[in-house]
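Contents: one structure, followed by commentary.
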Amino acid sequence: MKRVTVRVPATTANLGPGFDAFGCALGLYTDVTFEETDAGLEITGCDEAYQGPDNLAYTSYCAVLASLSEEVRGVKIHIDAHIPICRGLGSSAALLVAGAMGANVLRGSKLSTQGLLNITNAMEGHPDNLAPAFYGGLTASMVDNGLPVTVSFPLHPSWEFLALIPDFDLPTTLARSVLPEQVSRADAIYNISHGAMVLKALELGDEKLLRNAMQDRLHQKYRKKLIPDYEKIEALARTYGAAFCLSGAGPTLLCITRDKGLSQKLAGKLPAITQHNWEILPLHVEFQGAQAFPEE
Ligand code: HSE
């Protein structure tokens, strides 16, 4: 086999209290095509700054070949990214997943999805975006003895996920650099208890429980200073009864609601409370996870 296209969904990580653990796949995609050649590396479809060997799709492609003890030959990589970069919707994880699946499929699919998750988790450092990108749906992951373990959770069908995507980016490295190394026992207990409730509320479709549970003390309070108008937008979303959190490391903000009219309501009010442009994007949950489409 010479050529494969891998389609990877966007992911929203953390879901409030589930820092570095919870994630959900959403219906927005990055497609990456890999074609083995006799030449060197060629990457198209992205800014020149991402066309070198440090491109994440290529680094995970090489990591999988290394774990298979297979030679890296020439490869053409074309990226068709609809997941916005550095916005907290799993664009980096999507490239890592695409590279790993692409290499595996081109060389005979010898590794399992768990094997690919192990390799990419060692690269990303946390499995919360990677796991739902591979498996789809709502997942919680832990890292035990250095290896990720993921379980899937059911989701009530009536949830609407609204991503509020701003016109500025926020590198995850910066958003992680503002977090404290140590947290209090009270904050740890707060997050463990709220996290358990988030998963149950999402299963039951319980809006009130989700609104109350989807709160956090490990990361959002430190990160919100990096996101202009965070508190005003949170207050607005909560006025309408939505559960609210940072999507991953941000700066995208996430509302989860059963109110199909929330998007319209926010669109009417947001411009008056923020100077930035926030795209309001309704997204469905993607239950499929990453898919590979090989061509002979
Ligand atoms: N759990 C990660 C974070 C997600 O919040 O930093 C972003 O990669």
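Excluded from the calculations below are hydrogen atoms, water molecules and symmetry mates; all remaining heavy atoms, backbone and side chain alike, are included. Since the structure is predicted, the reported quantities are computational estimates derived from the model, not experimental observations. Read the numbers this way: they start at 1 and go in the same order the structure lists the ligands and their atoms.
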Atoms in ligand 1 flagged as close to [X], the criterion being non-hydrogen separation under 4.0 Å:
X	result
Asp128	1 (N), 2 (C), 4 (C)
Asn129	4 (C), 7 (C), 8 (O)
Phe19	3 (C), 5 (O), 6 (O)
Thr172	7 (C), 8 (O)
Asn14	1 (N), 3 (C), 5 (O)

Taking only non-hydrogen atoms of His219, do any sit less than 4.0 angstrom from ligand 1?
no
For the residue pair [X] and [Y], is the inter-centroid distance of their aromatic rings smaller than 6.0 Å?
X	Y	answer
Phe161	His284	no
Phe244	Tyr230	yes
Phe19	His219	yes

Electrostatic pair Arg107-Glu71, nearest N-O below 4.0 angstrom:
no
Heavy-atom nearest option to atom 2 (C) of ligand 1, drawn from Asp216, Asp20, Thr11
Asp20
Side chain, backbone, both or neither: which part of Gln220 has a heavy atom under 4.0 Å from ligand 1?
neither
Does a donor on one side chain and an acceptor on the other come within less than 3.5 Å for Thr252 and Arg87?
no
Considering only non-hydrogen protein atoms, determine which one is nearest to atom 6 (O) of ligand 1 and report residue, atom name and distance to 0.1 Å.
Arg176 NH1, 2.6 Å
What protein heavy atom lies closest to atom 8 (O) of ligand 1? Include the residue and the distance to one decimal.
His126 CE1, 3.1 Å
Relative to the ring of Tyr190, is the ring of His194 parallel (under 30°), tilted (30 to 60°) or perpendicular (over 60°)?
parallel
Kindly give the heavy-atom pair with the smallest separation between Gly88 and Ser247, and that separation in Å.
O-OG, 2.7 Å
